[in-house]
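In what follows, every chain begins at residue 1, and chains take the letters A, B, ... in the order their sequences are listed.
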Number of protein chains: 2
Amino acid sequence: MDIKTSCLGVLSICDASGYEIRKAFEDGPFSHFAEGGFGSIYPALNKMEADGLVTCTTQAQDKRPAKKVYSITTKGRLALMDALAKDPADDKYKSDFLFSMFFADFQSARRIERLIDDRISQFEKEISHLGDPDNECMGVPKMTEGADFVRRFGLHMHQAAVEFLKEEKFRAVSAALKGESLVNQSSEAAE
Amino acid sequence: MDIKTSCLGVLSICDASGYEIRKAFEDGPFSHFAEGGFGSIYPALNKMEADGLVTCTTQAQDKRPAKKVYSITTKGRLALMDALAKDPADDKYKSDFLFSMFFADFQSARRIERLIDDRISQFEKEISHLGDPDNECMGVPKMTEGADFVRRFGLHMHQAAVEFLKEEKFRAVSAALKGESLVNQSSEAAE
DNA sequence: AAGATATATTTCATTTCGATATATTAAAAC
DNA sequence: GTTTTAATATATCGAAATGAAATATATCTT
């Protein structure tokens with residue numbers, strides 16, 4: 001899904017500024033499967049305004065910088081539905097953590113332990129975030145069936161990850177420890 | 001992890017051409033957490049050759065186009081270790097499937113069912129791939145402890161995904177069906 | 001014999017990322 | 001009470017990555 005469609009998705013729920021769209025990708029209901037930085041969002045909104053998919057109103061705010069609030073148009077909703085009708089691209093999971101763990105044999109047991117502990121706490125943070133009933137859909141309290149499905153999917157996956165890491169931590173650290181002692185033996189033998 | 005480090009990771013296991021590195025991202029031991037297309041791999045290899053991280057030998061082949069085989073240098077191994085020593089960036093999961101499912105309320109029950117079924121069969125395909133004992137590490141049969149850890153992690157996560165989807169399919173399709181009948185009722189009432 | 005599939009690299013426009021600059025105000029620390 | 005930090009808000013731009021097509025050769029399938 002390109003950044004434009006992702007923005008339309010957010011705007012289909014409620015009007016928002018670029019900054020608020022960013023927050024929806026960061027903390028909101030899309031946080032565990034979509035993303036986009038300012039550098040992609042603002043140009044996408046400009047392009048879509050020119051194409052008539054969204055409209056923009058500058059709102060002066062009391063005690064806050066002015067913001068440009070975008071609304072989705074009928075043409076924009078049609079574009080979103082068109083994108084939804086296409087077969088979705090394959091999911092992709094990118095993980096520096098797994099890349100590091102792949103080379104566990106070249107790293108210290110201490111390092112491996114920290115890597116796993118950090119990842120567990122990050123997953124647990126996301127679990128409490130997804131499980132939080134106050135975590136409303138951008139101020140829209142009524143969650144649709146679809147929104148709840150993806151929320152529970154994320155919850156389930158993060159829980160599975162924590163489960164695996166807690167179960168496998170001892171084995172991974174032990175193996176790293178064993179590797180270290182082999183290194184020590186060979187360096188002692190070299191002396 | 002940038003594309004250069006990912007390539008170094010592959011080359012640290014064995015020498016390879018750009019094409020073979022691509023295959024390692026597509027089907028190999030990195031397939032479920034790293035990626036990279038030709039458009040990124042070839043420029044990365046050129047850059048790294050210029051920087052002395054890899055060396056290149058053109059190998060004429062019988063009955064195949066010639067290939068450029070890259071080998072990692074000591075400097076390259078150090079660069080890989082440096083990258084491994086840094087704190088890994090957050091994992092990211094990008095899913096058009098979940099994006100579509102978020103808007104399940106606007107889609108037909110048939111569509112929702114197909115979306116879920118397709119995703120299940122994709123996950124199952126990856127499960128059999130990761131579980132396959134013949135799926136060697138680019139022809140290197142001996143799997144390290146780290147490589148096996150990430151393999152089992154991938155297996156566990158994919159299994160968790162299938163589990164969720166099979167369990168929740170009925171509920172999701174039923175909800176979509178209910179939505180359809182509401183639409184039918186309102187259009188009947190309008191007549 | 002034709003067409004599809006696999007090996008192999010290059011190129012390039014479009015898209016996205018990531019970091020920085022700019023400005024304002026609220027909250028927190030000292 | 002004042003400085004610093006965090007949050008709100010947008011714009012910009014070079015660097016990096018993506019994705020698709022172009023090019024070439026050889027094998028396998030029908």
Next on the checklist: Could you tell me how far apart A:K92 (NZ) and C:dT16 (C1') are, to the nearest whole angstrom?
Outcome noted: 11 Å
Next on the checklist: For the aromatic rings, using the six-membered ring if either is Trp, is the centroid distance between A:F164 and B:F153 under 6.0 Å?
Outcome noted: yes
Checklist entry - Is the CZ atom of A:F38 crowded by more than 12 outside heavy atoms at less than 6.0 Å? => result yes
Checklist entry - Rounded to whole angstroms, how far apart are CZ on B:R22 and P on D:dA17? => result 15 Å
Checklist entry - Whole-Å distance between C:dT5 P and B:E26 CD? => result 15 Å
Checklist entry - Is there a side-chain contact between B:L45 and B:C56 (heavy atoms, below 4.5 Å)? => result no
Item to check | Atom-pair distance (CG on B:D2; C1' on C:dT16), nearest Å | outcome: 15 Å
Item to check | B:F25 with B:Y19, same ILVMFWY side-chain cluster at under 4.5 Å | outcome: no
Next on the checklist: Rounding to an integer number of Å, can you tell me how far A:K94 NZ sits from D:dA16 P?
Outcome noted: 13 Å
Checklist entry - To the nearest angstrom, how far is A:I41 atom CD1 from C:dT16 atom C1'? => result 11 Å
Item to check | Bend angle of the helix from C:dA1-D:dT30 to C:dC30-D:dG1, end axes from five pairs each (to 10°) | outcome: 40°
Next on the checklist: Output the rounded distance in Å from NZ (B:K4) to P (C:dC17).
Outcome noted: 18 Å
Checklist entry - Got a sec, which pairs hit side chain to side chain donor-acceptor pair (under 3.5 Å) with one end in residues 68-86 of chain A, sequence neighbours left out? => result A:D15-A:S71
Checklist outcome for this item: Taken to the nearest whole Å, CD/B:Q59 to P/C:dT7 is 16 Å
Next on the checklist: Using the side chain to side chain donor-acceptor pair (under 3.5 Å) criterion, which residues pair with A:S100? Sequence neighbours excluded.
Outcome noted: none
Checklist entry - How would nucleotides 8-14 of chain D be written as a contact map, 5' to 3', with B for base contact, S for sugar-phosphate-only contact and - for no contact, using protein heavy atoms under 4.0 Å? => result BBBBBB-
Checklist outcome for this item: For B:R119, the side chain to side chain donor-acceptor pair (under 3.5 Å) test, sequence neighbours excluded, returns A:D91, B:Q122
Next on the checklist: For residues 164-176 of chain B, which residue pairs pass the salt bridge (charged side-chain N to carboxylate O under 4.0 Å, His left out) check, not counting sequence neighbours?
Outcome noted: A:E145-B:R171, A:D148-B:R171, A:R152-B:E168, B:E113-B:K169, B:D117-B:K169, B:E124-B:K166
Checklist entry - Which of parallel (below 30°), tilted (30 to 60°) and perpendicular (above 60°) describes B:F33 and A:F99? => result perpendicular
